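What follows is a short report on a single structure.
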Amino acid sequence: MAVSEPKRLELPTPFRIGSVNAYLLEGSPLTLVDTGPRWPASLEALDAALAHHGHALEQIELVILTHQHCDHFGLADVIRRRSGARVAAIAPLAVYVEDYERTVAAEDDFAVDVMRRYGVESARIDAIYAISRSFWRHAEPVEVDVRLADGETIVAGGRALRVAVRPGHSPTDTLFVDESAAVGFTGDHLLPRVSSNPVVHRPLGGGGVERRDRTLALYLDSLGRTAELGLRTILPGHGPPHAAPNELIASRVGHHEERKEAIAGLIAKGRRTVSELADALWGDVHETQIYLAVSEVLGHTDLLIGEGRLREVDGKNGVSFAPTAGA
Ligand SMILES: [Zn+2]
């Protein structure tokens, strides 16, 4: 039996990124991929979009989640309560969302520690901390009924979706791949309009700054593995579908290579702290974007350190960067 195309439901968010996509998969079980944030305008739009396609939220039978960011799973508990739908996610994401209040509090503390370590000014840290607290409210804990693992398949909307774990943008990034159609739901792992930020998250097993992941290195590795899937189309978490995912991956890899060299050049000219590098790259960074800017800079300095071209220097105002002797 032919399976209908996934329906993209574009839902508003209160965030700078703009709208977020949920996808409706018609077929058994009636499925949503991601949910939109816990925000009245988003829920209203979700109800209306489902009605437009001849369904009600109460009929949803399965919700699958692409990652831990609140614009993607914030309404999961509302949907689960109203419909009785099962919620499915990889096991570490299940742990994260079930214990959401505690995990996001720990996440904020971790981000503050990262910024302190790298000498970000305390006024900036205070600003982003306050903003972060207001953002997290756009999700709530949700119980996960089905715990998935990398490589498994799940039947959703009349098709089999392969679970492909691709950390980097967040530690729980999950692709759901319909191999028969070479179509992948990519969440924020690969976006057509913007380069995905390698957000420096608290490690899933917990631990402090010294245990942080090299998120951009992880991300680039994940992108390489996604290229091997040979997808024909991606259905991303933001923006329209994209029909040449491997070209998009090549352009993202090229972009990061250029940015890495730009950062190496700035450091050679004496811009040595994370804040100096961020301001040199993006002007005066908007306060909501500070942690994303810190994450982007650290992603690249991690790569340069890995290549032996840079070293961390401890100073009274935190860690900065200097070229190695041979670089
Ligand atoms: Zn995200």
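Just so you know, these numbers use all the heavy atoms, side chains as well, and skip hydrogens, waters and symmetry mates. Since the structure is predicted, the reported quantities are computational estimates derived from the model, not experimental observations. Whatever order the structure lists ligands and atoms in, that order sets their numbers, starting from 1.
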- Task: Report the residues that fulfil side chain to side chain contact (heavy atoms under 4.5 Å, CB included) with Asp314, sequence neighbours left out, ordered by chain and then residue number.
- Result: Val319
- With sequence neighbours excluded, what pairs up with Asp108 under the side chain to side chain contact (heavy atoms under 4.5 Å, CB included) test? Tyr129, Ser132, Arg133, Trp136
- Query: Quick check, are the ring centers of Phe110 and His201 under 6.0 angstrom apart?
  - Reply: no
- Message: Ignoring hydrogens and geometry beyond distance, is a side-chain donor-acceptor pair present between Thr226 and Arg166 at under 3.5 Å?
- Response: yes
- Is it true that Asp71 and Arg16 make a salt bridge, defined as a side-chain N closer than 4.0 Å to a carboxylate O? no
- Note on the structure: Taking 2.8 Å as the strict upper bound, the Zn ion (ligand 1) has protein N, O or S neighbours numbering 4
- Item | Within residues 149-173 or reaching into it, pairs that qualify as ring pair (Phe, Tyr, Trp, His ring centres under 6.0 Å) - sequence neighbours excluded | His67-His169, His69-His169
